[in-house]
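As the structure is a computational prediction, the values presented were derived from the model and not from experiment. Atom set for the values below is all heavy atoms of this structure, side chains included, hydrogens, waters and symmetry mates excluded.
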Amino acid sequence: MTSLHELPSRHRDGGVGVTSVCSAHPLVIEAAALEALAGDGLLLVEATSNQVDQYGGYTGMRPADFAALVHEIVDRVGLPRERVVLGGDHLGPQRWRDLGPEEAMDRADVLVTAYVRAGFTKIHLDCSEACAGDPVPLPGTLVAERAARLARAAEKAAVELGRPAELSYVIGTEVPVPGGARETIESLTPTTPDAARATVAEHRAAFAEAGVADAWQRVIALVVQPGVEFDHVRVFDYAPEAARNLSAVVTEYPGLVFEAHSTDYQTRDALARLVRDHWAVLKVGPGLTFALREALFALAAIEDELVPEGDRSRLVDELEAAMLADPVWWAGYYDGDPGEQRLARRYSYSDRSRYYWPQPAVAAAVDRLFHNLDTVGIPLPMLSQHLPDQYRRVRTGELSTSARALVIDHVRDVLRDYAYACGKVTA
């Protein structure tokens with residue numbers, strides 16, 4: 001089983017980083033596997049606690065199911081499993097924060113145990129959100145105490161499997177909301193150096209108090225806010241000068257690197273600067289499904305030109321109908337009048353549409369779209385109009401005109417920027 005234990009030393013020796021792919025969509029995972037295969041590096045895929053849990057999460061998958069999905073895809077594309085790292089993101093009581101702390105933490109213990117038993121080796125311990133009856137904001141010492149408790153559950157599960165040394169942990173309380181901000185952001189401030197130091201000290205002490213001091217040597221990364229985020233229509237780009245003092249803090253801890261969440265939509269150069277400044281783990285999720293949606297919408301526009309109306313997939317309409325029929329994943333995010341909400345459902349950076357691709361009617365529309373276009377064929381001038389980068393690769397023989405291949409390659413365009421920024425982390 002592959003781990004990331006050597007990432008901090010490799011980062012210091014060669015300035016490399018690793019891309020963390022945070023998506024459960026099979027086409028996104030396949031794109032990431034192909035990119036890893038082409039670059040001869042590691043594939044790090046992470047499931048979040050709202051996507052995948054012991055009850056199924058919003059994807060309907062338990063940790064073992066997610067692991068099986070990733071392994072099926074990498075086996076199919078020819079990426080060796082020893083080059084795959086599975087990570088659990090935001091593992092903690094968040095899913096049950098409406099319950100009392102003890103009940104929520106009991107469930108979080110089971111969650112972390114299930115991830116470890118399923119072969120996940122990168123474990124992000126995130127107990128930063130308050131449960132029912134908790135003080136707000138949570139004291140850092142309480143956050144650390146709960147994280148250490150979950151580390152103890154993870155260690156116990158790993159010992160039972162005979163693989164405790166394979167685990168690596170990520171800590172940190174300055175964690176952006178998974179999937180991007182729920183509201184329009186007016187300003188963003190990096191974590192202060194003192195807050196970063198306090199997080200490390202509190203967690204180290206809590207690990208010792210919980211009886212898992214030996215596990216502290218496997219803490220490889222600290223989540224801090226470098227000043228990057230996105231909301232529905234705006235991206236906060238990395239400003240190195242604003243994070244200079246914070247960046248220097250990591251040099252005080254030879255075994256640690258920083259982990260950056262919500263790096264979606266950063267420019268290629270900004271991603272490279274983040275890695276240079278010790279954010280050696282770059283997490284991306286909605287930016288990948290945003291690219292997936294872009295490509296599918298582009299193909300749907302081509303289909304409208306080529307396929308008789310009665311035979312079309314009506315993909316865009318099917319997605320809109322699914323989102324209107326079950327607004328739970330977007331209604332609390334998109335404000336404004338009906339017209340503004342409609343645009344947000346389709347084009348927002350926060351990409352709430354990603355929750356709806358697995359729905360049967362939407363998935364069937366994607367399959368029909370692919371079938372229709374592969375049957376009629378996509379004329380190259382139309383491909384140039386709608387997917388110009390893929391057109392260029394088709395012209396040079398690097399890429400086929402299969403609709404599925406075009407979508408995957410468009411997602412890989414995002415991952416290519418990350419690969420450039422991270423260099424190469426090998427197994």
**OP:** Tell me, with the steps shown, if Val275 and Tyr418 meet side chain to side chain contact (heavy atoms under 4.5 Å, CB included).
**Re:** CA-CA 10 Å; Val275 175; Tyr418 281 84; over 6 Å; no
**OP:** Decide salt bridge (charged side-chain N to carboxylate O under 4.0 Å, His left out) for Arg392 and Glu398; before the verdict, give the C-alpha distance in whole Å, the side-chain angles of both, and the deciding distance to 0.1 Å.
**Re:** CA-CA 9 Å; Arg392 284 190 285 272; Glu398 302 170 64; over 6 Å; no
Subject >> Verdict with supporting geometry, Leu271 and Leu282, side chain to side chain contact (heavy atoms under 4.5 Å, CB included) >> reply: CA-CA 8 Å; Leu271 293 171; Leu282 301 181; 4.0 Å; yes
**OP:** Walk me through it: do Tyr265 and Asp237 pass the test side chain to side chain contact (heavy atoms under 4.5 Å, CB included)?
**Re:** CA-CA 8 Å; Tyr265 313 111; Asp237 292 313; over 6 Å; no
Subject >> CA sep, side-chain torsions, deciding dist, call: Leu324, Arg345, side chain to side chain contact (heavy atoms under 4.5 Å, CB included) >> reply: CA-CA 9 Å; Leu324 289 175; Arg345 284 193 297 272; 3.6 Å; yes
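Of all heavy-atom pairs between Leu222 and Gly172, the closest is CD1-CA, 3.9 Å. Minimum heavy-atom separation, Leu150 to Gly92: CD1-CA, 3.7 Å. Between Ala221 and Glu259 the shortest heavy-atom distance is CB-CB, 4.2 Å. Residue Val116 comes nearest to Ala158 through the heavy atom pair CG1-N, 3.8 Å, listed as atom of the first residue, atom of the second, then distance.
Annotation: side chain of Asp75 is in contact with side chain of Arg81 (closest heavy-atom distance under 4.5 Å). Counting only heavy atoms from C-beta outward, the side chains of Leu91 and Ile123 approach each other to under 4.5 Å. Counting heavy atoms from C-beta on, the side chains of Leu69 and Ile29 come closer than 4.5 Å. In this structure, the side chains of Thr191 and Val223 stay at 4.5 Å or more apart for every pair of heavy atoms. Val21 is not listed as a side-chain neighbour of Leu44, based on a closest heavy-atom distance of 4.5 Å or more. No side-chain heavy atom of Tyr420 sits less than 4.5 Å from a side-chain heavy atom of Leu415. A heavy-atom distance below 4.5 Å is found between the side chains of Thr289 and Ser23. The shortest distance between side-chain heavy atoms of Val316 and Leu296 does not fall below 4.5 Å.
The aromatic ring centres of His261 and His124 sit less than 6.0 Å apart. Two rings, from Tyr169 and Trp216, have their centers 6.0 Å or more apart. Ring centroids of Tyr349 and Phe290 are separated by less than 6.0 Å, placing the two rings close together.
For His71 (side chain) and Ala67 (main-chain N/O), a donor-acceptor pair under 3.5 Å exists by modelled atom type. Distance alone, capped at 3.5 Å, places no donor-acceptor pair between the Glu318 side chain and the Val362 backbone. Side-chain atoms of Thr59 come within 3.5 Å of backbone atoms of Gln51 as a donor-acceptor pair (strictly under, hydrogens ignored). The closest donor-acceptor contact from the side chain of Arg83 to the backbone of Pro80 lies at 3.5 Å or more, if one exists at all. Panel note: side chain His232, backbone Tyr347; no donor-acceptor pair is recorded below 3.5 Å. Side chain of Arg393 to main chain of Pro388: no donor-acceptor pair is present (N/O by atom type, distance under 3.5 Å, no hydrogens or angles). With hydrogens and angles ignored, the 3.5 Å screen pairs no side-chain donor or acceptor of Tyr355 with any backbone N or O of Met323. Thr263 places a side-chain N or O within donor-acceptor distance of the main-chain N or O of Lys283, the cut-off being under 3.5 Å. Under the 3.5 Å distance criterion, the side-chain polar atoms of Tyr115 are left unmatched by any main-chain donor or acceptor of Thr121. Side-chain atoms of Asp417 never come within 3.5 Å of backbone atoms of Arg268 as a donor-acceptor pair (strictly under, hydrogens ignored).
A donor-acceptor contact closer than 3.5 angstrom is absent between the side chains of Asp269 and Thr267. For the 3.5 Å distance criterion, the side chains of Asn50 and Gln94 fail to qualify, holding no donor opposite an acceptor. Under the 3.5 Å distance criterion, with hydrogens and angles disregarded, no donor-acceptor pair is assigned to the side chains of Gln266 and Tyr238. A donor atom on one side chain and an acceptor atom on the other are not found under 3.5 Å apart for Thr48 and His90.
Considering NE2 of His278 and NE2 of His11, their distance stands at 5.0 Å, rounded to 0.5 Å. The CG atom of Leu406 sits 6.5 Å away from atom OG of Ser400, with the distance rounded to the nearest 0.5 Å. The line from CD of Glu294 to CG of Asp413 is 9.5 Å long, rounded to the nearest 0.5 Å. One distance of note links CE of Met105 with CG of Leu111; it measures 10.0 Å at 0.5 Å rounding. Note that CG of Leu167 and NZ of Lys122 are 12.5 Å apart. Values are rounded to the nearest 0.5 Å. To the nearest 0.5 Å, atoms CG (Asp337) and CZ (Arg342) are separated by 11.5 Å.
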Show me the side-chain donor-acceptor pairs of residues 199-215 shorter than 3.5 Å, one per line, residues at least two apart or across chains.
{"unit_1": "Thr199", "atom_1": "OG1", "unit_2": "Ala195", "atom_2": "O", "d": "3.0"}
{"unit_1": "His203", "atom_1": "ND1", "unit_2": "Thr199", "atom_2": "O", "d": "2.9"}

Output side-chain donor-acceptor pairs under 3.5 Å for residues 133-142, partner residues at least two apart or in another chain, one line each.
{"unit_1": "Asp134", "atom_1": "OD1", "unit_2": "Arg146", "atom_2": "NH2", "d": "2.9"}
{"unit_1": "Asp134", "atom_1": "OD2", "unit_2": "Cys131", "atom_2": "N", "d": "2.7"}
{"unit_1": "Asp134", "atom_1": "OD2", "unit_2": "Arg146", "atom_2": "NH1", "d": "2.9"}
{"unit_1": "Asp134", "atom_1": "OD2", "unit_2": "Arg146", "atom_2": "NH2", "d": "3.3"}

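For the side chain to side chain donor-acceptor pair (under 3.5 Å) with Glu30, the lone residue among Arg76, His25, Arg412 that qualifies is Arg76. Screening Glu6, Glu166, Glu155 for a salt bridge (Lys or Arg N to Asp or Glu O under 4.0 Å) with Arg218, the sole residue that qualifies is Glu155.
Residue Arg244 qualifies as open at atom CZ: its count of foreign heavy atoms under 6.0 Å is 12 or below. For OH of Tyr55, the number of neighbouring non-hydrogen atoms (other residues, nucleotides, ligands) closer than 6.0 Å is greater than 12.
For the pair Arg62 and Phe66, the NZ or CZ position fails the cation-pi test of under 6.0 Å to the six-membered ring centre and within 45 degrees of the ring normal. With a 6.0 Å cutoff to the six-membered ring centre and a 45° limit on the axis angle, Arg293 counts as a cation-pi contact of Phe297. Cation-pi geometry between Arg352 and Tyr333 is met: the NZ or CZ atom falls under 6.0 Å from the ring centre, inside 45° of the normal.
Remark: Arg149 engages Glu102, Asp106, Asp109 in a salt bridge (Lys or Arg N to Asp or Glu O under 4.0 Å) (not counting sequence neighbours).
In this structure, Arg416 pairs ionically with Asp409, as a charged nitrogen and a carboxylate oxygen lie closer than 4.0 Å. Note on Asp194 versus Arg197: salt bridge recorded, some NZ/NE/NH1/NH2 to OD/OE distance being below 4.0 Å. Of the charged side-chain nitrogens involved, at least one lies within less than 4.0 Å of a carboxylate oxygen, so that Arg117 and Glu160 count as a salt-bridged pair.
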